[in-house]
Amino acid sequence: MKLIIINGPNLNLLGRREPQIYGSASFDEYLKTLQNNFPEITLEYFQSNIEGEIITKIQEVGFNYDGIILNAAAYTHTSVGIGDAVKAITTPVVEVHISNTFSREDFRHVSYISPNAKGIILGFGLESYKLAVQSFL
Ligand code: DQA
């Protein structure tokens, strides 16, 4: 099984960015643990701060991978383009958020990804990604 985690803007700062919300572990550290936990899965990783690069990656993997785990971060709440990309592809997308976006500001309650996601996992810290991987098994 081939899965990819796609992380959006500012998630490259995990571990340093608002640790009270996002935790103190870097994503690179967490990814290694995740890959070790699921040796039977090919688990790739892509992060970009640039909306168009995220769209290009979704298009690239979206017809041949078994699943996409997408945390579009702030673009979740603004990007019609990423929403359209998720709608255009055949690979199922699980939307993930580290924080519970519904317990935060109103603008975080809107998602352009959710209408076309297979499912949504949010609020479990970095473990949201692990739950997303398990959802594909
Ligand atoms: C986030 C929630 C978003 O609202 C925020 O812009 C992020 C991270 C999360 O994982 O909790 O950057 O997607």
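As the structure lists them, so they are numbered: ligands from 1, and atoms in each ligand from 1. What's counted below: heavy atoms across the whole structure, side chains too, no hydrogens, waters or symmetry copies. Everything numeric in this text was worked out from a predicted model, so none of it was measured. Sequential numbering from 1 along the given sequence is applied to the chain's residues.
Here the heavy atom of the protein found nearest to atom 11 (O) of ligand 1 is S99 OG, 2.6 Å. Nearest non-hydrogen protein atom to atom 7 (C) of ligand 1 is Y22 OH, 3.5 Å. At the top of the distance list for atom 6 (O) of ligand 1, counting protein heavy atoms only, stands R108 NH1, 3.0 Å.
We find the CD-CZ distance between E29 and F27 to be 11.5 Å, quoted to the nearest 0.5 Å.
Between H109 and F102, the ring planes lie tilted relative to each other; the angle falls in the 30° to 60° range.
A donor-acceptor contact under 3.5 angstrom links the side chains of Y129 and N71, judged on distance only. Between the side chains of T76 and E95, not a single donor N or O lies within less than 3.5 Å of an accepting N or O. If you check the side chains of N10 and Y22, you find no donor sitting under 3.5 Å from an acceptor.
V94 places a side-chain heavy atom less than 4.5 Å from the side chain of I121.
Under a 4.0 Å criterion applied to the non-hydrogen atoms of H77, ligand 1 contributes the atoms 3 (C), 4 (O). Less than 4.0 angstrom separates some heavy atom of A74 from each of these atoms of ligand 1: 6 (O), 12 (O).
In this structure, R17 is part of the shell of residues with a heavy atom less than 4.0 angstrom from ligand 1. At least one heavy atom of N71 sits closer than 4.0 Å to an atom of ligand 1.
At a heavy-atom distance under 4.0 Å, atoms from both the backbone and the side chain of H97 approach ligand 1.
Closest heavy-atom approach to atom 10 (O) of ligand 1 among the candidates L11, N7, I98: I98.
Under the 3.5 Å distance criterion, the side-chain polar atoms of S103 are matched with a main-chain donor or acceptor of N100.
Considering both main-chain and side-chain atoms, T101 never comes within under 3.5 Å of ligand 1 through any nitrogen or oxygen pair. At under 3.5 Å, not a single nitrogen or oxygen of T76, backbone or side chain, sits near a nitrogen or oxygen of ligand 1.
Cluster annotation: V96 and I4 are assigned to distinct hydrophobic clusters (Ile/Leu/Val/Met/Phe/Trp/Tyr, side-chain heavy-atom contacts under 4.5 Å, transitive).
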